[in-house]
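Report on the structure given below.
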Amino acid sequence: MTNSVRVRYAPSPTGYPHVGNIRTALFNWLFARHHGGSFIVRIEDTDVTRKVRGAVKGILDGLRWLGLDWDEGPEVGGKYAPYFQSQRLEIYSETAQRLISQGDAYYCYCSTQRLKEMRAEQVGRKQPPGYDRLCRHLTQEERAQKEAEGITPVVRFKTPLGGQTRFNDLIRGEVVFDNNTLDDFILLKSDGYPTYHLANVVDDHLMEITHVLRAEEWLSSTPRHLLLYRALGFEPPQFAHLPMLLGTDRSKLSKRHGAVSITEYREQGYLPEAMVNFLALLGWSLDDKTELMSREELIQSFSLERISRTAAIFNQDKLNWMNGVYIRSLTADEFFEAVEPYLMMNIPAGEALISSEEYVRDILPLVQERARTLAEVAELAQFFFIDQLDYEPGLLIGKNMSRQSAIQALKAAQQRLSQLEAFDAGSLEALLRPLAVELGLKTGQLFGTLRVAVTGRTAAPPLFQTMAVLGKERCLRRIEAALARL
RNA sequence: GGCGCAUUCGUCUAGGGGUUUAGGACACCUCCCUCUCAAGGAGGAGAUCACCGGUUCGAAUCCGGUAUGCGCUACCA
């Protein structure tokens with residue numbers, strides 16, 4: 001297949017995998033899969049000072065968790081290896097050398113101190129800050145002089161002084177920049193590492209990337225990249241700048257908006273399918289109503305044309321809703337599998353799981369439709385796992401009930417229940433409903449009192465099923481304990 | 001400050017000159033179901049389509065300007 005689509009996800013391992021970043025990965029992946037192309041992961045570890053240990057693993061684990069498999073990249077290798085930019089340093093410095101000898105780049109010896117002062121002065125004069133090109137015209141002697149002083153230079157690109165750079169963004173349409181608003185940006189840092197601009201352009205070319213789908217924050221850098229492609233004689237890929245993801249206050253999504261790392265969402269018990277579905281809808285839509293879509297459906301219907309141009313706010317409420325939908329759609333076995341690790345993290349639930357998986361499996365259907373996250377499950381089912389219920393005794397006395405009537409109700413229930421042979425939901429209902437009438441209570445009153453006695457809560461799964469799962473022993477003991485509290 | 005991008009219910013969005021009294025979803029409210037909570041069902045409220053001009057018989061949709069927001073303006077990506 002010729003002209004096959006090749007896209008890449010190029011994260012920088014400077015922290016944990018941010019959902020905004022992962023959304024970019026998702027769009028790239030969907031685009032590649034939709035077109036039967038290749039999805040490549042390339043680690044852009046060119047900033048030694050910001051490198052974070054374990055970040056690469058976090059990113060890859062995040063992709064794996066969401067089911068975003070890559071055709072080339074770390075662990076799987078590929079024709080264009082290596083896929084870590086820190087292992088491709090020679091390529092970049094050779095390219096920089098070539099640019100210098102072509103006259104498209106030059107050494108710059110300016111100190112960070114001078115650069116800082118220059119910028120401060122420019123800002124003070126309300127001038128746009130930017131490199132003043134001092135070293136662009138250094139003579140041979142001046143350069144030799146600087147070298148003799150032992151200054152390690154950086155390499156800067158000779159940005160054309162005039163003209164315009166334009167391109168057709170696949171999402172935003174034609175974008176035009178005047179070259180004179182661009183300064184002579186750095187290609188190679190003094191530590192020998194390339195900047196994003198150089199490494200990105202070189203690798204996208206070498207790895208034969210056909211489409212660059214990246215966040216909007218890169219839009220302003222695109223003319224620099226285009227200028228580089230031209231100087232290098234490379235044919236540029238197509239660009240598509242994705243809308244950004246914002247926090248609830250419309251600023252760039254960050255820590256203070258809550259969870260931002262995909263790892264955190266995983267820990268909180270969001271299902272990967274829900275996460276993929278939700279993230280896909282942030283900046284992309286199929287039509288005016290379709291919202292619930294599987295990975296396959298997303299792949300099939302994904303297209304660049306339907307990506308929106310406006311930044312999107314990450315709506316946690318909607319994610320919660322969607323995750324609940326996905327949780328409810330799970331079969332009993334799938335739900336058990338999914339929730340098991342979360343139960344193990346909760347001490348009483350974990351112990352129950354170890355001592356009787358059957359018991360836990362009986363409990364799960366009662367909480368499945370009430371949980372929005374897997375982490376919530378242990379909390380919702382907590383009363384199934386502990387013996388000492390902790391609740392306000394007053395809760396046993398329902399609306400329009402007296403302490404006396406609550407005691408009377410519990411005693412009567414205790415008495416009847418102890419004689420009940422078949423302790424299943426149907427039998428319990430057949431026994432308890434008439435009992436309410438007998439006691440002159442509304443069903444809601446009797447059941448409410450029993451619910452608190454048996455679960456310690458006013459909101460819980462349906463009473464009869466709950467009691468059936470708890471079993472006769474436990475129910476009677478809890479009623480006894482409730483009586484003691486009144 | 002300069003440059004760039006954007007602007008439809010609180011939020012995600014549909015819509016791209018007449019089919020729109022601007023549709024859907026989340027959240028919110030009411031009712032139904034009901035032993036509570038969920039889930040489900042039926043409704044409701046919520047957007048003068050940022051603003052001002054222009055083009056047109058007709059504009060949320062096209063054009064211009066303004067405002068606002070965001071991004072870039074690093075030997076960070």
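Chain A is the first sequence line, chain B the second, and so forth, proteins listed ahead of strands; every chain is numbered from 1.
Here B/U11 presents its C1' atom at 13 Å from CE of A/M322, a figure rounded to the nearest Å. Spacing between atom CG of A/L395 and atom C1' of B/C37 amounts to 14 Å, rounded to whole angstrom units. Distance CG (A/N277) to P (B/U13): 14 Å, rounded to an integer number of Å. As a whole-Å value, the separation of A/K116 NZ from B/C75 C1' is 14 Å. Rounding to whole angstrom units, CG of residue A/D132 and P of B/C75 are separated by 12 Å. In this structure, A/M244 atom CE and B/C72 atom C1' are separated by 10 Å, rounded to whole Å. Regarding A/E217, its CD atom lies at a distance of 15 Å from the P atom of B/A74, rounded to whole Å. Distance CG (A/N320) to P (B/U11): 18 Å, rounded to an integer number of Å.
In this structure, of B/C3, B/U7, B/A77, it is B/C3 that holds the atom nearest to the side chain of A/F177. Minimum atom distance to the side chain of A/E369 is reached by B/A38, of the listed B/C35, B/G16, B/A38. Between B/C76, B/G4, B/A6, one nucleotide has an atom nearer to the side chain of A/L219 than all others, and that is B/G4. In the set B/G15, B/C75, B/C76, the nucleotide with an atom closest to the side chain of A/R306 is B/G15. Nearest to the side chain of A/R250, among B/A74, B/G69, B/A77, sits B/G69. The side chain of A/D47 has B/A77 as its nearest neighbour among B/A77, B/A74, B/C26. With B/G4, B/C12, B/C75 as the choices, the nucleotide that has an atom nearest any side-chain atom of A/A312 turns out to be B/C12. Closest to the side chain of A/R451, from the set B/C76, B/C75, B/U36, is B/U36. Listed candidates were B/A6, B/G2, B/A74. Nearest to the side chain of A/R119 is B/A74. In this structure, the nucleotide among B/U36, B/C75, B/C12 sitting nearest to the side chain of A/R370 is B/U36.
B/U34 and B/C26 are spaced 24 Å apart, taking the P atom of each and rounding to whole Å. Spacing between B/U7 and B/A50 at atom C1', rounded to whole Å, works out to 6 Å.
A/F447 has its ring centre less than 6.0 Å from the ring centre of A/F464. Aromatic ring centroids of A/F302 and A/F27 lie under 6.0 Å apart.
The pair A/R114-A/D132 meets the salt-bridge criterion, with a side-chain N (NZ, NE, NH1 or NH2) lying under 4.0 Å from an Asp/Glu carboxylate O. The pair A/R42-A/D204 counts as a salt bridge, with a side-chain nitrogen and a carboxylate oxygen less than 4.0 angstrom apart.
Figure legend: cation-pi geometry between A/R485 and A/Y391, with NZ or CZ positioned under 6.0 Å from the six-membered ring centre and within 45° of its axis. For A/R457 and A/F383, the positive end is not near the middle of the six-membered ring at less than 6.0 Å and at most 45° from its axis.
Counting atom types as modelled, A/R172 pairs no side-chain N or O with a base atom of B/C5 as donor and acceptor under 3.5 Å. For A/T443 against B/C35, no side-chain N or O and base N or O form a donor-acceptor pair under 3.5 Å.
When the shell of 6.0 Å around CZ of A/R125 is examined, it contains more than 12 heavy atoms from other residues, nucleotides or ligands.
Checking A/D45 against A/Y193 by side-chain atom types alone, no donor-acceptor pair falls below 3.5 Å. A donor and an acceptor atom, one from each side chain of A/E376 and A/Y342, are nowhere located under 3.5 Å apart. Side-chain N/O atoms of A/Q445 and A/N400 include no donor and acceptor closer than 3.5 Å. Counting only N and O atoms by type, the side chains of A/D424 and A/S427 include a donor and acceptor under 3.5 Å apart.
Of the side-chain N and O atoms in A/T181, none sit less than 4.0 angstrom from OP1 or OP2 of B/G2. An OP1 or OP2 oxygen of B/C35 is reached within less than 4.0 angstrom by no side-chain nitrogen or oxygen of A/R457. OP1 or OP2 of B/C76 has at least one side-chain nitrogen or oxygen of A/K189 nearer than 4.0 Å.
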Under-3.5 Å N/O pairs linking protein and nucleotides 46-49 of chain B:
none

Hey, what are the protein-to-nucleotides 22-25 of chain B N/O distances that come in under 3.5 Å?
{"unit_1": "B/G23", "atom_1": "N2", "unit_2": "A/D288", "atom_2": "O", "d": "3.2"}
{"unit_1": "B/A25", "atom_1": "O4'", "unit_2": "A/E291", "atom_2": "OE1", "d": "3.0"}
{"unit_1": "B/A25", "atom_1": "O2'", "unit_2": "A/E291", "atom_2": "OE1", "d": "2.4"}
{"unit_1": "B/A25", "atom_1": "O2'", "unit_2": "A/K318", "atom_2": "NZ", "d": "3.4"}
{"unit_1": "B/A25", "atom_1": "N3", "unit_2": "A/K318", "atom_2": "NZ", "d": "3.1"}

